[in-house]
Structure formats: structure tokens, C-alpha cells
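My questions will all concern the structure given below.
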Amino acid sequence: DGPIDIRHFGARRGVIGFDSQSAITAARDAALSDHPPRARSILMPPGTYYIEETLDFSFGNFKITSGGGTVLQMAGVSTDPIIKIDGGPAGALNNVDFGAGHHIYLIGNGNTEVAMYTRSLHRSKIYARAREITKSGLDVNFSVLLDAFVSVSGNEGAFTVTPEHGVRIAKRGTFEK
């Protein structure tokens with residue numbers, strides 16, 4: 001079995017005003033329920049997909065693949081992250097592959113603070129490019145063996161909003177075990 005294509009769940013590329021959020025969430029849920037833990041994978045083909053709120057991929061052994069040229073763009077007014085991968089304060093997520101070798105573009109709405117938030121993410125890979133965010137392209141909170149390539153660069157076009165950081169790294173909080 002190959003990855004589950006988000007278009008089979010109704011995601012539509014490049015349609016302003018069309019929210020692909022529910023289709024991407026449905027593809028994620030199908031991958032979680034229909035595939036064995038080692039084969040959970042969704043495909044985001046090239047194109048721009050508009051979302052209204054954070055996409056939560058807080059699951060271990062999960063792969064989000066792209067053929068290159070995939071854009072997730074925050075269309076709503078939310079300041080929340082575009083992507084969240086959260087293992088929790090005492091847990092850990094292992095073997096998450098976001099982008100699978102081809103960067104996924106994460107574009108905020110100018111109010112979006114962080115493109116991707118991760119916590120307790122171990123033995124994982126992230127390939128992303130971020131724009132139109134105010135704080136950082138990637139927030140990393142307590143991760144081990146994380147291979148992250150996140151680009152937040154003015155070389156890809158002028159910023160309308162200039163982020164404070166490309167990547168922000170934080171240690172585990174004192175309340176976290």
C-alpha cells in the first residue's frame with residue numbers, strides 16, 4: 001500500500017476560499033486507522049492547499065510525502081502554528097517524516113507566529129520552507145536525533161512579515177518529566 005492521497009478526500013489545489021483542512025485531516029485519520037503502524041503515510045501532491053487552523057500530526061511512525069512544490073497556506077486569521085507535531089510533556093513521538101525529502105512550503109497569514117511546532121519528537125525528519133510568520137519557522141521543544149532542514153529566507157522573495165528566528169530551540173520545561 002502506498003501513501004493516501006489527500007485529493008481522494010476532497011483536497012483541492014489553488015482554490016482560494018476552499019478550505020482543504022477537513023480533507024487533509026480525513027486522509028490523516030484514514031492513514032492512522034487503515035494502515036499498520038509502520039506504513040502510515042499521506043501524500044500531498046504539488047499545489048497550494050488553504051487551511052483555516054493548525055494541522056495536527058501528533059502521531060509516531062508517520063510520513064507526510066510531497067512530490068515537491070506543495071504549499072500549505074494559512075488562510076484564516078489564526079496566530080497558531082500551521083503544523084503541530086506534539087509528543088506531550090512526558091511522551092515521545094518517533095519516526096515522523098515531514099516532507100520526506102521534498103520541502104513542504106508553510107505560508108502563514110501574516111499573523112501566524114510559528115510555521116511548525118514540535119515537542120518530544122525523536123528520530124525524525126522535517127523538510128520545510130516557511131514564510132509570512134512573525135516568530136519562527138520551526139519551534140523545537142525537547143527533541144532527540146531530529147534531522148531538520150527548515151528554510152526561512154529572504155532569498156526566496158521579499159518578506160511581508162519578517163520572522164524573529166528561523167528555528168527556536170527550547171529545553172524540556174521543569175514541570176515536564
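Only a predicted model underlies this, so the values are computations on that prediction, with no experimental measurement involved. Residues: numbered from 1 along the sequence shown.
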Within this structure, what is the CZ-CG distance for the pair F57 and L121, rounded to the nearest 0.5 Å?
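With rounding to 0.5 Å, CZ (F57) is 13.0 Å from CG (L121).
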
Could you check if a side-chain atom of Y49 sits within less than 4.5 angstrom of a side-chain atom of R13, using non-hydrogen atoms only?
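Side chain of Y49 against side chain of R13, heavy atoms only: contact under 4.5 Å found.
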
Rounded to the nearest 0.5 Å, what separation is found between the OG1 atom of T112 and the CD1 atom of I107?
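Going from OG1 on T112 over to CD1 on I107, the span is 10.5 Å.
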
Using salt bridge (Lys or Arg N to Asp or Glu O under 4.0 Å), reason through K125 and D147 one step at a time and then give a plain yes or no.
CA-CA 5 Å; K125 298 176 184 175; D147 179 8; 5.3 Å; no

Quick one: pull up NZ in K84 and CG in D56 and give me the separation to the nearest 0.5 Å.
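CG of D56 is found 4.5 Å from NZ of K84.
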
Walk me through whether V150 and M116 qualify under side-chain contact (heavy atoms from CB on, under 4.5 Å).
CA-CA 10 Å; V150 178; M116 180 182 286; over 6 Å; no

Taking the side chain as C-beta and beyond, is there a heavy-atom pair between T65 and S41 under 4.5 Å?
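Yes. Closest side-chain heavy atoms under 4.5 Å.
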
Which atoms form the tightest heavy-atom contact between S120 and S143, and what is the distance?
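The answer is N-OG, 4.3 Å.
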
So, taking the atom named CZ in R7 and the one named OG in S20, what distance separates them when rounded to the nearest 0.5 Å?
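Between R7 CZ and S20 OG, I get 11.5 Å after rounding to 0.5 Å.
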
Is it the case that the side chains of S78 and E52 hold a donor-acceptor pair, with the cut-off being a distance below 3.5 Å and no angle test?
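Side chains of E52 and S78: no pair found under 3.5 Å.
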
Please determine whether side-chain contact (heavy atoms from CB on, under 4.5 Å) holds for the pair I51 and M74, giving the CA-CA distance in whole Å, both sets of side-chain angles, and the decisive distance to 0.1 Å.
CA-CA 5 Å; I51 60 172; M74 185 66 80; 4.3 Å; yes

Passing candidate, side-chain contact (heavy atoms from CB on, under 4.5 Å) with L55, options I85, L72, I64:
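One option only clears the test, and that one is L72.
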
Do you see a donor-acceptor pair shorter than 3.5 Å between the side chains of N61 and R40?
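R40 and N61 do not have a side-chain donor-acceptor pair below 3.5 Å.
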
side-chain contact (heavy atoms from CB on, under 4.5 Å) between F9 and T25, worked out:
CA-CA 9 Å; F9 291 84; T25 301; over 6 Å; no

Atom pair CD/CD1 of E113 and I133 - distance to nearest 0.5 Å:
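Result: 10.5 Å between the selected atoms.
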
Let's go through L32 and F62 carefully: what are the C-alpha distance in whole Å and the side-chain angles of both, what is the deciding distance for side-chain contact (heavy atoms from CB on, under 4.5 Å) to 0.1 Å, and is it a yes or a no?
CA-CA 8 Å; L32 289 170; F62 202 88; 3.8 Å; yes

